[in-house]
Number of protein chains: 2
Amino acid sequence: MAERPRILRLKDVAEHAGVSIATASRSLSGASGVSETLAERVREVARQLGYTANPHARSLAAGTSRSVGLVVHEIGDPYFTEIASGALRVGAREGLMVQICHTGRDPRQQLAQVRTLVASRVGAIVIAGSGFVDARLQVAVKAELQAYRAAGGRVAVIGRHHLGVDAVLPENAAGGRAIAEHVLAQGHRRLAVVTGSRALTTIADRIGGVAAAFGAAGLDFATVPQVEAEFTRAGGKVAAQTILAQHPDVTAVLALNDDMAIGILSVFRSHGIAVPGRISVAGFDDVAVAQDLAPSLTTVRLPMSEMGALALELALKEPSARPRRRVIGHGLVVRDSTAPPPAAVASERP
Amino acid sequence: MAERPRILRLKDVAEHAGVSIATASRSLSGASGVSETLAERVREVARQLGYTANPHARSLAAGTSRSVGLVVHEIGDPYFTEIASGALRVGAREGLMVQICHTGRDPRQQLAQVRTLVASRVGAIVIAGSGFVDARLQVAVKAELQAYRAAGGRVAVIGRHHLGVDAVLPENAAGGRAIAEHVLAQGHRRLAVVTGSRALTTIADRIGGVAAAFGAAGLDFATVPQVEAEFTRAGGKVAAQTILAQHPDVTAVLALNDDMAIGILSVFRSHGIAVPGRISVAGFDDVAVAQDLAPSLTTVRLPMSEMGALALELALKEPSARPRRRVIGHGLVVRDSTAPPPAAVASERP
DNA sequence: GTGAAAGCGCTAACAC
DNA sequence: GTGTTAGCGCTTTCAC
């Protein structure tokens with residue numbers, strides 16, 4: 001009768017190698033206190049057997065795990081996909097498992113995810129999703145993270161949060177200003193800004209940058225229509241329809257992320273609206289496809305992958321007395337989707 | 001002196017609620033055997049305290065965890081991103097944590113990831129990455145999964161593997177045939193096929209379908225140039241350069257995934273080559289951006305998100321005596337990137 | 001340098 | 001219904 005196969009335990013390896021389970025443990029975890037020859041023999045046995053340690057038992061016993069948490073708003077969003085790939089790269093390099101959690105931009109979900117991560121004793125937590133403008137939305141998360149850090153956990157965030165931890169700070173405001181100055185310099189005066197929820201610091205900062213450009217140019221930003229929708233391609237499509245219906249005379253649309261810009265381009269194309277002939281469109285982030293669209297997208301470049309990598313590296317470093325800040329420069333990438341507005345006569349209402 | 005904050009344990013909750021730790025455990029895990037009033041009181045205490053159970057301890061004790069594993073080749077690849085989003089949706093619905101692992105299309109990595117997942121006693125494993133044509137590359141994985149299943153684990157795969165488990169099977173061959181028939185019907189006779197590694201069943205099947213279309217049309221597929229590169233946008237760009245250099249007279253390019261097609265379109269655009277005016281380009285998968293490109297991409301639609309959801313659902317079901325198979329239909333999506341070839345005179349070599 | 005044994009925080013028999 | 005207790009598989013003192 002065939003033996004019911006079972007998942008190997010450290011004990012099995014120890015027995016096969018003829019050593020105690022303590023020695024086996026030390027050999028496999030690379031701890032000192034075992035002669036190198038013995039350790040290598042044990043490792044060879046483990047390899048032969050195809051043994052992999054149970055990470056749960058391991059982290060229960062050790063009180064810490066070889067994994068880190070990455071909290072994003074939306075995995076399908078290319079912004080987060082690229083951040084995740086950077087973090088994953090660092091994780092792989094350090095032999096860490098990266099547990100990706102998503103919140104759907106819901107503060108309650110964020111708290112739940114952070115709690116799960118804390119409870120599972122991950123070695124570090126990187127919060128990649130934007131912070132919320134209203135600090136009160138994150139008090140619970142902040143408390144949770146403080147306890148976690150007090151217990152030895154490490155935390156880093158990407159973007160402006162009210163969390164008092166190491167942060168990777170993309171130049172959202174400066175980028176917003178740069179893209180707005182670009183279209184303003186091209187002569188556009190009737191713009192629309194397409195945004196996601198203003199409750200997020202990322203979006204608030206980008207809007208602030210756009211407003212600053214208007215102020216610097218002596219223009220009144222208050223007159224610029226702001227269309228808010230989901231911060232996704234689908235949201236961009238909805239916003240484009242709104243603009244067409246309510247602000248048909250705009251000559252440039254500033255979308256606060258590339259995903260929305262892609263949705264806007266799509267709607268404009270299906271309506272036969274020439275970009276940039278009749279309306280210019282700009283994005284933000286410079287996701288990979290931005291350069292492959294037609295027209296290719298003028299946008300603000302943020303090195304997402306490096307941001308993800310840097311955030312995890314910060315989190316893995318020894319904690320410092322005061323929170324570290326790493327400002328990430330932006331780059332204006334002018335492509336084909338923006339151009340000077342059509343001559344005044346061309347923009348008459350029908 | 002401030003008490004050093006510590007992470008809460010079940011014992012803390014039990015003490016606060018004035019019950020035994022067993023009762024607390026039962027209350028929180030929703031097990032029967034506790035009066036509803038008491039259970040609710042315990043839950044309320046846990047909520048007040050902000051307690052979250054340590055999943056490691058939980059799965060070590062229970063021998064199974066509330067998490068499942070998803071093995072993909074590449075997270076940055078939109079094909080897998082969409083599959084993951086489907087699986088994540090099901091996971092969230094079932095209260096499961098989805099651990100995403102990536103292999104970079106390396107069979108050794110795949111084995112390592114599966115081992116980690118097995119060792120951590122995930123409740124189910126979904127292998128979303130394509131299988132390998134050479135069954136020997138997966139014997140180790142197969143053995144690992146058999147032991148896992150014998151120990152009660154559940155497995156499902158997406159695509160053709162040699163693993164003998166429940167499978168979600170996209171119609172890769174039929175899709176390849178459909179897209180090839182489409183361009184053939186448009187009158188194209190000088191085609192090129194752009195592929196990723198033929199060691200993958202997904203790619204081999206798609207090529208097989210294309211070959212079948214040629215056979216059915218009485219044409220010789222052996223004369224069609226096949227350009228192999230990385231199965232990514234960057235690979236597509238490389239392939240496009242190759243085609244331009246070595247097969248300048250082709251009138252249609254069949255890329256075996258959309259990501260490559262996007263890279264090809266990008267190179268053609270920068271070379272001023274009209275699509276579909278001079279060369280038609282088709283993709284495969286119908287990723288979200290395919291419709292937003294210009295020209296919008298003719299492709300074969302596969303419902304990736306549903307495939308991911310379905311695969312996890314299969315894995316979560318009670319095991320059946322023989323492997324289940326769920327064939328996923330494809331759809332030909334004709335958009336703007338394909339059209340009849342230019343008149344013969346227009347395709348003369350320079 | 002190696003082994004024995006005490007937990008890590010929880011679940012699941014098993015008693016009451 | 002509720003409490004007691006023996007592990008789950010591992011790491012880590014502590015002896016030897």
Side-chain angles (χ1 to χ4, degrees), chain A residues 6-43 45-46 49 51-67 115-123 151-153, chain B residues 6-43 45-46 49 51-67 115-123 151-153:
Chain A
R6 45 183 346 293
I7 294 173
L8 293 167
R9 295 159 323 199
L10 183 57
K11 191 170 174 245
D12 302 314
V13 176
E15 281 170 3
H16 274 262
V19 298
S20 75
I21 129 174
T23 299
S25 168
R26 283 190 275 252
S27 305
L28 296 175
S29 66
S32 62
V34 200
S35 69
E36 190 41 46
T37 34
L38 216 201
E40 185 46 40
R41 207 183 79 219
V42 173
R43 275 185 229 114
V45 170
L49 261 34
Y51 168 79
T52 304
N54 180 331
H56 299 304
R58 196 169 251 205
S59 61
L60 222 209
T64 142
S65 70
R66 289 303 293 167
S67 71
R115 281 209 174 130
T116 307
L117 257 13
V118 170
S120 65
R121 307 293 190 279
V122 291
Chain B
R6 45 182 348 292
I7 295 173
L8 294 166
R9 295 161 329 217
L10 183 56
K11 191 168 173 247
D12 301 315
V13 176
E15 282 171 3
H16 274 264
V19 297
S20 76
I21 132 174
T23 299
S25 170
R26 283 190 276 252
S27 305
L28 297 176
S29 66
S32 62
V34 200
S35 68
E36 190 41 46
T37 33
L38 216 202
E40 185 46 40
R41 206 183 81 219
V42 173
R43 276 185 230 113
V45 169
L49 260 35
Y51 168 80
T52 304
N54 181 331
H56 299 304
R58 197 170 252 207
S59 62
L60 185 55
T64 145
S65 68
R66 290 301 294 166
S67 70
R115 281 210 173 129
T116 306
L117 256 14
V118 169
S120 64
R121 308 291 190 279
V122 291

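These numbers come from the heavy atoms of this one structure, side chains and all, not from hydrogens, waters or symmetry mates. Naming: A, B, ... by sequence-line order, numbering from 1 per chain.
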*Nearest-Å distance for atom pair CG/C1', residues Leu10(A) and dC10(D)*: 7 Å
*Selected nucleotide, minimal atom distance to Arg121(B) side chain, candidates dT11(C), dG9(D), dA4(C)*: dG9(D)
*Would you say Ser35(B) reaches dT2(D)'s phosphate, i.e. side-chain N/O to OP1/OP2 under 4.0 Å?*
yes
_Leu28(A) side, atom CG; Leu10(A) side, atom CG - distance, nearest 0.5 Å_ = 6.5 Å
_For Glu15(B), is there an ion pair with Arg9(B) - N to carboxylate O distance below 4.0 angstrom?_
no
*Using whole Å, report how far NE2 of His56(B) lies from P of dT11(D).*
13 Å
_Just the rounded figure in Å: distance from C1' of dC8(D) to CD1 of Ile7(A)._
12 Å
*Measure across Val34(B) and Ser27(B) and return the closest heavy-atom pair with its distance rounded to 0.1 Å.*
CG1-OG, 3.8 Å
*Quick one: Ile21(B) CD1 to dT2(D) P, roughly how many Å, whole number?*
16 Å
_Could you tell me how far apart Leu28(A) (CG) and dC10(D) (P) are, to the nearest whole angstrom?_
9 Å
*Choosing from dG3(D), dG9(C), dC10(D), which nucleotide comes nearest the side chain of Asn54(A)?*
dC10(D)
*Candidates dT11(C), dG9(C), dC8(C) - which lies nearest the side chain of Ala57(B)*: dG9(C)
*Scan Gly63(A) against the nucleic acid and name what it touches under 4.0 Å (heavy atoms): base, sugar-phosphate only, or nothing.*
nothing
*Under the 3.5 Å rule, do the base of dG3(C) and the side chain of Arg26(A) count as making a donor-acceptor pair?*
yes
*Below 4.0 angstrom from OP1 or OP2 of dG9(C), is there any side-chain N or O of Tyr51(B)?*
no
*Ala31(A) near the nucleic acid: base, sugar-phosphate alone, or nothing, with a heavy-atom cut-off under 4.0 Å?*
nothing
*Can you tell which of dC10(C), dT11(D), dG9(D) lies closest to the side chain of Arg58(A)?*
dT11(D)
*Which whole-number value in Å describes the distance from Leu60(A) CG to dT11(C) P?*
11 Å
*asked:* Which heavy atom of Leu38(A) sits nearest to which heavy atom of Val19(A), and what is that distance?
replied: CD2-CG1, 3.6 Å
_I need the NZ-C1' distance between Lys11(B) and dT5(D), as an integer number of Å._
15 Å
*If you check every side-chain atom of Val19(A), which of dC10(C), dG3(C), dT4(D) has the closest atom?*
dG3(C)
_Minimal non-hydrogen separation, Ser65(B) against His56(A), with atom names_ = CB-NE2, 4.3 Å
_On the nucleotide dT2(D), are OP1 or OP2 found under 4.0 Å from the side-chain N or O atoms that Thr23(B) carries?_
no
*Could you give the CZ-to-C1' distance, from Arg66(A) to dT11(D), as a whole number of Å?*
15 Å
*Write down the atom of Val42(B), the atom of Ala24(B), and the distance for their closest heavy-atom approach.*
CG1-CA, 4.0 Å
*Give Ala22(A) one of three labels, base, sugar-phosphate or nothing, depending on what nucleic acid heavy atoms sit under 4.0 Å from its own.*
base
*For Ser25(A) and dT11(D), is the shortest distance between a side-chain N/O and OP1 or OP2 below 4.0 Å?*
yes
